[in-house]
Amino acid sequence: MKQQTCAIAVQVCKAAVTMEEGKQMTQSIPIINKTMELAEAQDQWFFDENYQCWCLEDVLYTSKATTPKFQRLSIFVPAPYMKEGGVIDPEGCMNGFTAATAPVIMNNNSAGYMEMPHMWLGGPRCFGPQYLERGFVYVTCGNRGRESKDADGKRCGKIPSNLVDLKTVIRFLRHNAAVLPGDMEKIISVGWSAGGAMSSLLAVTGNNQNYDSYLEESGAFMDERDDVYAAQIYCPIIDLEHADLAYEWMFSADKENESSPAGPAGVMTPFEEALSARLSDSYIQYFNSLGLKNPETGEALRLNADGRSGSAYDYLMARIDASATKFLTKLEKGELPEQYSAEDYIKGNYTYETMAPQSGKDGDDGKDEPDDVDLLQGHAGPGVALNKPPVGGPDGDLPSEPPTLGNMLSRPPKGVPTPPPFEPPMITLQGKDKSGWLSWDGVQAKVSDLDTYVLNHRRRMKPCTSFDILNCQSAENEVYGTPQQPSVHFSTDVAKAIESLKMQFPEEYGTYYPAYVLALETPPRCASAADRAADDRNASHLGGAGDTALTRQKYLNNPLNFIGTEEKSDQAKYYRIRVGASDADTSFMIGMTLALKLANAGKPVDYALVWDKPHCEADYPGEMLDWIESICR
């Protein structure tokens with residue numbers, strides 16, 4: 001195999017990519033490998049006494065890095081599998097695994113489709129210790145994102161760059177398998193939110209040639225594979241083309257929204273109510289067009305015209321009921337930290353702690369608008385507090401641009417103390433009476449209906465529209481941008497819905513519709529894989545401009561396009577999907593549709609909603625780790 005060097009990338013790091021910590025403080029990005037051959041970096045392994053593991057940190061995983069700070073990884077290995085000097089110990093054993101058989105957990109840190117760093121043990125968003133304690137090898141990696149810029153200031157992180165980076169990581173690990181503990185045939189992808197999207201895409205697009213031109217450009221080892229053995233998928237933000245439709249279908253009864261990255265808190269205007277109704281109706285048509293079936297009975301799953309009946313609606317409600325049932329059962333058995341009964345929970349006779357509301361600022365329209373850091377909090381995750389770095393102006397000595405989540409979560413420069421664990425401000429709230437819509441007979445829980453659940457338990461988070469938003473300023477709008485145009489509209493369905501309201505709302509039509517024309521005029525994708533690959537290269541050479549490039553971006557970013565279709569991929573053997581039953585970042589139908597598509601294609605899928613969990617790694621302690629052990633023995 002051809003050796004790759006990263007000397008050029010290291011030079012770019014030192015010349016153009018620095019970390020800014022307050023006033024006039026910069027530090028070169030640490031990179032421990034001089035080439036892509038980890039056999040030449042064995043002297044860089046060190047032992048962490050606190051976590052009882054061997055560590056190889058700050059590894060550049062591509063010799064063609066455009067944003068080296070975010071194209072690094074770290075590897076953590078349980079103590080028994082290695083010796084001093086980075087030597088594998090073939091005799092070491094832990095929890096029934098050895099250095100040759102231990103599964104490799106690849107935990108991508110993707111959030112909000114942004115550029116994100118790899119993590120360190122004890123750092124924010126790092127889940128490594130739980131895996132190490134079970135004898136698993138743990139890999140944490142960063143990736144480019146929608147706001148990434150190279151050393152020349154050119155945008156370089158639009159779709160599918162973040163997925164391509166993760167595929168590049170897998171190929172890098174396999175290229176170095178001879179000097180790394182862990183079974184590289186048992187790589188398990190883990191991620192939540194946009195990371196859940198990436199985990200699902202890694203699982204269903206293994207070695208798919210649609211990505212070859214991107215991988216070659218990124219410096220990936222083209223003679224290695226990027227398929228994974230299994231995928232843990234938490235709260236995936238996928239099927240963005242139809243996410244607005246699904247969101248309005250689920251939250252149609254709620255006309256108010258919270259502050260979120262999609263916009264300030266507010267109440268729907270008459271135009272937005274009409275638009276919501278059109279999108280909700282369109283979702284019914286879209287879902288029914290998928291031809292999904294109940295995996296257990298084979299019954300066709302469909303939504304009736306009212307959107308609140310039909311076999312698909314019943315299937316979703318059964319999943320919600322099962323979520324409540326499991327929670328209340330665990331509560332009654334004393335298996336949860338909460339110290340109250342199921343009856344007290346339903347009646348609201350309890351208190352609970354939650355993060356205090358974020359402070360906001362008044363916008364031009366008088367609405368309370370969260371500041372930039374507050375908006376990033378949702379992407380950071382529950383319990384991850386973000387410090388607000390100082391921001392200056394063009395003549396000052398502080399950064400003039402708002403902070404990025406990736407920079408705020410990056411490890412402090414060498415010599416700068418790691419901040420102590422910061423507990424986010426919490427408040428204590430009284431539980432609410434749920435007896436009007438949640439019943440429990442000691443064995444089975446029952447939720448009365450979806451609209452009552454939404455209005456009384458998990459209100460709408462986002463406005464209408466919520467993904468391809470009207471002002472073209474959402475994370476998803478930026479995801480599909482180009483080097484020349486940072487944000488673009490992408491939803492043909494939203495465009496058509498606005499067009500259908502032309503006569504009823506001429507002013508709003510005139511304001512919003514022209515910007516959606518690009519999405520409406522997007523042509524169908526190329527017929528053959530070879531043509532699509534050529535189209536990818538051409539679009540890249542043109543700077544990503546043009547309708548065809550947008551079509552390809554959308555296609556490559558949607559895992560549903562690769563499940564049960566003619567696409568040729570080496571797909572994962574096992575899938576586990578968990579979504580918080582209090583997650584309002586996207587519709588419940590998104591994760592459920594992914595699970596159904598996989599199951600209908602004959603894939604083993606473990607899918608569930610997790611009661612009262614928000615948009616996070618929604619799970620009960622230990623269950624995911626038990627699942628990994630069960631599929632790796």
Side-chain angles (χ1 to χ4, degrees), residues 32-33 38-59 61 72-109 117-142 166 169-170 172-191 195 199 202 228-232 234 411 418 574 576 617 619 621-633:
I32 60 95
N33 52 319
L38 291 185
E40 300 177 10
Q42 285 184 285
D43 60 342
Q44 297 295 318
W45 286 93
F46 66 92
F47 190 73
D48 188 309
E49 292 286 352
N50 187 34
Y51 293 99
Q52 288 295 296
C53 68
W54 293 96
C55 311
L56 188 66
E57 295 188 315
D58 301 325
V59 177
Y61 58 74
R72 295 178 297 161
L73 59 80
S74 290
I75 306 169
F76 302 97
V77 177
Y81 303 155
M82 294 194 80
K83 301 177 182 178
E84 195 74 37
V87 178
I88 296 174
D89 186 349
E91 304 299 325
C93 181
M94 183 175 181
N95 193 27
F97 295 110
T98 66
T101 64
V104 178
I105 309 302
M106 185 185 138
N107 197 170
N108 81 76
N109 197 31
H118 61 310
M119 291 288 97
W120 68 97
L121 295 179
R125 290 175 60 91
C126 180
F127 304 95
Q130 63 176 337
Y131 299 108
L132 295 169
E133 290 169 2
R134 292 287 187 110
F136 308 155
V137 174
Y138 180 69
V139 178
T140 169
C141 56
L166 301 179
V169 167
I170 296 171
F172 175 83
L173 292 173
R174 286 203 166 107
H175 179 78
N176 288 285
V179 295
L180 292 176
D183 185 351
M184 294 302 166
E185 297 304 308
K186 295 286 175 62
I187 296 176
I188 299 172
S189 171
V190 181
S199 190
L202 287 171
V228 298
Y229 178 70
Q232 170 61 63
Y234 288 113
R411 196 171 197 168
T418 301
Y574 301 98
R576 187 172 184 270
E617 288 203 331
D619 222 328
E623 290 192 354
M624 183 261 290
L625 302 173
D626 293 341
W627 171 73
I628 293 175
E629 288 190 3
S630 73
I631 63 174
C632 291
R633 293 297 187 186

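Values in this document were obtained by computation on a predicted structure and should not be read as measured data.
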With rounding to the nearest 0.5 Å, note down the distance linking CZ in Phe97 to NZ in Lys186. 8.0 Å

Just jot down the salt bridge (Lys or Arg N to Asp or Glu O under 4.0 Å) partners of Asp43, sequence neighbours excluded, or say none. none

Stepwise, does the side chain to side chain contact (heavy atoms under 4.5 Å, CB included) test hold for Cys53 with Val77? CA-CA 5 Å; Cys53 68; Val77 177; 5.8 Å; no

I would like to know whether Phe136 and Glu629 meet side chain to side chain contact (heavy atoms under 4.5 Å, CB included); could you show each step before the answer? CA-CA 9 Å; Phe136 308 155; Glu629 288 190 3; 3.7 Å; yes

To the nearest 0.5 Å, tell me how far Leu166 CG sits from Cys141 SG. 5.0 Å

For residues 101-108, tabulate all N or O donor-acceptor pairs below 3.5 Å that involve a side-chain atom, not counting sequence neighbours.
residue : atom : partner : partner atom : Å
Thr101  : OG1  : Thr98   : N            : 2.8
Thr101  : OG1  : Thr98   : OG1          : 3.2
Asn107  : OD1  : Tyr138  : OH           : 3.1
Asn107  : ND2  : Val190  : O            : 3.2
Asn108  : OD1  : Ser110  : N            : 3.1
Asn108  : ND2  : Val190  : O            : 3.3
Asn108  : ND2  : Gly195  : O            : 3.2

Taking atom SG of Cys55 and atom CG of Asp58, what is their separation to the nearest 0.5 Å? 11.0 Å

In short, Ile32 meets Ala41 closest at the heavy-atom pair CD1-CB, 4.0 Å

Output, in order, the C-alpha distance, side-chain angles, deciding distance and verdict of side chain to side chain contact (heavy atoms under 4.5 Å, CB included) for Lys83 and Trp45. CA-CA 10 Å; Lys83 301 177 182 178; Trp45 286 93; over 6 Å; no

Taking Asp89 for the side chain and Tyr81 for the main chain, is one N or O donor matched with an acceptor at less than 3.5 Å? no

The criterion is ring-ring contact (aromatic ring centres under 6.0 Å, His included); which residues satisfy it with Tyr51, sequence neighbours excluded? none

Treating Thr140 as the side-chain partner and His118 as the backbone partner, does any N or O pair qualify as donor plus acceptor under 3.5 Å? no

Between Ser199 and Ala231, is there a donor-acceptor pair closer than 3.5 Å when you use the side chain of the first and the backbone of the second? no

In terms of heavy-atom contacts, Arg134 and Gly622 come closest through NH2-O, 3.8 Å

Rounded at 0.5 Å granularity, tell me how far CZ in Arg125 sits from CE in Met119. 7.5 Å

Compare every heavy atom of Ile88 with every heavy atom of Ala178, then report the nearest pair and how far apart it is. O-CD1, 3.8 Å

Within the distance-only criterion (no hydrogens, no angle test), does the side chain of Tyr229 pair as donor or acceptor with the backbone N or O of Ile631 below 3.5 angstrom? yes

Run the numbers on Arg174 and Glu185 for side chain to side chain contact (heavy atoms under 4.5 Å, CB included), then give the verdict. CA-CA 9 Å; Arg174 286 203 166 107; Glu185 297 304 308; 3.9 Å; yes

For Ile188 and Trp627 the tightest heavy-atom approach is CG2-CZ3, 4.5 Å

Glu57 and its side chain to side chain donor-acceptor pair (under 3.5 Å) partner, picked from Gln44, Arg411, Arg72: Arg411

Tell me, please, which residues at least two apart from Glu133 pass salt bridge (Lys or Arg N to Asp or Glu O under 4.0 Å). none

Where do Val137 and Pro181 come nearest, in terms of heavy atoms and distance? CG2-O, 3.8 Å

Rounded to the nearest 0.5 Å, what's the gap from OH on Tyr61 to CG on Leu73? Could you check? 7.5 Å

Does Phe47 have any side-chain contact (heavy atoms from CB on, under 4.5 Å) partners at least two apart in sequence or in another chain, and if so, which? Glu49, Gln52, Trp54, Ala79

Do you know the tightest heavy-atom contact between Gln42 and Gly86? NE2-O, 2.9 Å

Is there a side-chain contact between Leu132 and Leu121 (heavy atoms, below 4.5 Å)? yes

Between atom CD1 of Ile75 and atom CG of Leu38, what is the distance when rounded to the nearest 0.5 Å? 5.5 Å

Using ring-ring contact (aromatic ring centres under 6.0 Å, His included) as the criterion, list what pairs up with Phe76, not counting sequence neighbours. none

